[in-house]
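One structure below.
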Amino acid sequence: AYEMELREHIEMLKTIQNAKAKIMLCGYWMGEADIYDSFLLPYGWKRIFVGNYPKSAQRKKDRDIGSEYIWLNYSIPIEIEKNFLKGEFA
């Protein structure tokens, strides 16, 4: 696994915030100060909770648990979104 530097995240987010293509990102939400939220949500993106999972990029034996989310710049059927909220895709 590769852990991106903060500047790489920001460069990617600036590049995709106005993209016309359908894009879905997944990652760990960092709370109210999350950079994905601040760079994407004002541009019409939405964030959907997927579940709580061990952080896959960590190299230690007992990995921390992170809240996994997806960010998308397009709409998905409400039935699919409800399944995420019920944990049926976890």
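Since the structure is predicted, the reported quantities are computational estimates derived from the model, not experimental observations. Computed from heavy atoms alone, side chains included, the values below leave out hydrogens, waters and symmetry copies.
For the side-chain contact (heavy atoms from CB on, under 4.5 Å) test, no residue two or more places apart in sequence or in another chain qualifies with Lys20. Residues that satisfy the ring-ring contact (aromatic ring centres under 6.0 Å, His included) test with Trp71, not counting sequence neighbours, are Tyr36. The side-chain contact (heavy atoms from CB on, under 4.5 Å) check on Pro42 picks up nothing, with sequence neighbours excluded. Scanning for side-chain contact (heavy atoms from CB on, under 4.5 Å) contacts around Tyr74 gives Lys22, Met24, Leu72, Ile76, with sequence neighbours left out. For Tyr69, the ring-ring contact (aromatic ring centres under 6.0 Å, His included) partners two or more places apart in sequence, or in a different chain, are Trp29, Phe49.
Nearest approach of Asp34 to Tyr28, heavy atoms of both residues: OD1-O, 3.8 Å.
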Is there a side-chain contact (heavy atoms from CB on, under 4.5 Å) between Leu6 and Ile35? Walk through the geometry before answering. CA-CA 9 Å; Leu6 177 60; Ile35 64 166; 3.6 Å; yes
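At distances below 3.5 Å, not a single donor-acceptor pair connects side-chain atoms of Glu68 with backbone N or O atoms of Asn52. No side-chain donor-acceptor contact under 3.5 Å links Asn73 to the backbone of Trp45.
One finds the OG atom of Ser38 at 11.0 Å from the CD atom of Glu32 (value rounded to the nearest 0.5 Å). The distance from atom CD1 of Ile23 to atom CD1 of Ile70, rounded to the nearest 0.5 Å, is 13.5 Å. Atoms CD1 and CE, on Ile10 and Met4 in that order, are 10.0 Å from each other to the nearest 0.5 Å. How far CD of Glu11 is from CD of Glu5: 12.5 Å, rounded to the nearest 0.5 Å.
Listed by first and then second residue, the salt bridge (charged side-chain N to carboxylate O under 4.0 Å, His left out) pairs that reach into residues 41-51 are Asp37-Arg47, Lys46-Glu81, sequence neighbours excluded.
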